[in-house]
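Here's the structure, in structure tokens; my notes come after.
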Amino acid sequence: MDLTSHIRTIPHFPKRGIAFRDITPLLMDPAASDHCLQMLLERAADLKIDKVVAIESRGFFFGSMMANKLNAGFVPIRKPGKLPYAIEKEFYELEYGADSVEIHKDGINKGERILLHDDVLATGGTAKAACNLIQRLGGEIVQCNFIMELVELNGREKLNGFPVESLLSYP
Ligand SMILES: O=P(O)(O)OC[C@H]1O[C@H](OP(=O)(O)OP(=O)(O)O)[C@H](O)[C@@H]1O
Ligand SMILES: Nc1ncnc2[nH]cnc12
């Protein structure tokens with residue numbers, strides 16, 4: 001199955017010059033979503049994952065599905081001000097703005113094996129900030145896993161030192 005046919009490109013969203021890669025057609029198609037999930041799981045097979053950590057909001061869809069299938073806990077990394085308990089916070093830049101991300105301090109126990117998931121790896125700013133949070137809490141990042149990477153933005157370089165897997169590559 002060709003997953004790219006379920007990803008829609010919207011020119012100039014959310015800003016002029018950005019080609020937005022939209023996964024909502026993939027989410028609407030159960031067979032394609034299941035195929036995507038199986039491909040993500042294949043890449044995480046035998047890694048003995050304790051927790052899947054996923055990034056708000058588009059990382060939550062397949063992140064929570066993977067956690068369920070891997071019999072792992074699910075931990076959200078959220079935009080600022082959304083998590084109710086004690087947090088760790090990290091600032092980052094992205095392709096079209098700057099922001100910060102937060103995680104609950106009790107989301108990860110020292111030494112736990114972590115799979116980080118998001119839909120898109122672009123500049124890598126968000127994922128790198130997420131990795132910093134995970135490491136601050138003592139988690140071991142065993143894989144950073146994405147549906148797609150936007151190769152020209154070199155996100156992989158920012159995640160230097162972590163194993164990175166993505167299903168699809170876009171310019
Ligand atoms: O590699 P980067 O340059 O950091 O960009 C990638 C991030 O940008 C998008 O999220 P966005 O901030 O648009 O939020 P959303 O998932 O809530 O739509 C995407 O889902 C990643 O989280
Ligand atoms: N071009 C893009 N499309 C979808 N999500 C993104 N996150 C960062 N850049 C993006």
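Counting starts at 1 for both ligands and their atoms, in listed order.
- No side-chain heavy atom of Ser166 sits less than 4.5 Å from a side-chain heavy atom of Leu121.
- Note on ligand 1: Gly124 sits in its first shell, one or more heavy atoms being nearer than 4.0 Å.
- Taking all heavy atoms of Met148, Arg58, Lys158 into account, the minimum distance to atom 9 (C) of ligand 1 is reached by Arg58.
- Proximity of Leu153 to ligand 2, defined as any heavy-atom pair under 4.0 Å, is not found for any part of the residue.
- By the criterion of a heavy-atom distance under 4.0 Å, the backbone of Glu56, and not its side chain, is placed next to ligand 1.
- In terms of polar-atom proximity, defined here as any N/O pair under 3.5 Å, Ala19 does make such a contact with ligand 2.
- Close approach of ligand 1 to Gly125 (heavy-atom distance below 4.0 Å) involves ligand atoms 1 (O), 4 (O).
- Ligand 1 has no nitrogen or oxygen under 3.5 angstrom from a nitrogen or oxygen of Val120.
- Taking all atoms of both residues into account, the shortest heavy-atom contact from Ser100 to Phe91 is CB-CD2, 3.5 Å.
- Assignment of Lys79 to the shell around ligand 1 is supported, since a heavy atom sits closer than 4.0 Å.
- Tested against Phe146, the residues Leu40, Leu159, Val120 include a single side-chain contact (heavy atoms from CB on, under 4.5 Å) partner, Leu159.
- The two residues Ile114 and Ile49 have their closest heavy-atom pair at C-CD1, 4.4 Å.
- When heavy-atom distances to ligand 1 are checked against a 4.0 Å cut-off, Thr123 comes that close through both its backbone and its side chain.
- With rounding to the nearest 0.5 angstrom, the NZ atom of Lys128 is 11.5 Å from the CG atom of Leu116.
- Each of the following atoms of ligand 1 lies closer than 4.0 Å to a heavy atom of Asp119: 19 (C), 20 (O).
- In this structure the side chain of Asn145 reaches within 4.5 angstrom of the side chain of Met66, judged on heavy atoms.
- Near Leu150, meaning under 4.0 Å from any of its heavy atoms, are these atoms of ligand 2: 1 (N), 2 (C), 9 (N), 10 (C).
- Counting atoms of ligand 2 from 1 in the listed order, those under 4.0 Å from a heavy atom of Ala122 are 8 (C), 9 (N).
- No donor-acceptor pair under 3.5 Å is formed between the side chain of Arg78 and the backbone N or O of Leu83.
- Interface of Arg58 with ligand 2, defined as ligand atoms under 4.0 Å from a residue heavy atom, comprises 4 (C), 5 (N).
- Expressed to the nearest 0.5 Å, how far CZ of Arg113 lies from CG of Leu47 amounts to 6.5 Å.
- For the atom pair Thr24 OG1 and Ile10 CD1, the distance stands at 7.5 Å (nearest 0.5 Å).
- Contacts between Thr126 and ligand 1, counted as non-hydrogen atom pairs separated by less than 4.0 Å, involve both the backbone and the side chain.
- With Ala54, Ser57, Ala130 as candidates, the residue nearest to atom 17 (O) of ligand 1 on a non-hydrogen basis is Ser57.
- The pair Lys82-Glu56 does not meet the salt-bridge criterion, since no charged nitrogen lies less than 4.0 angstrom from a carboxylate oxygen.
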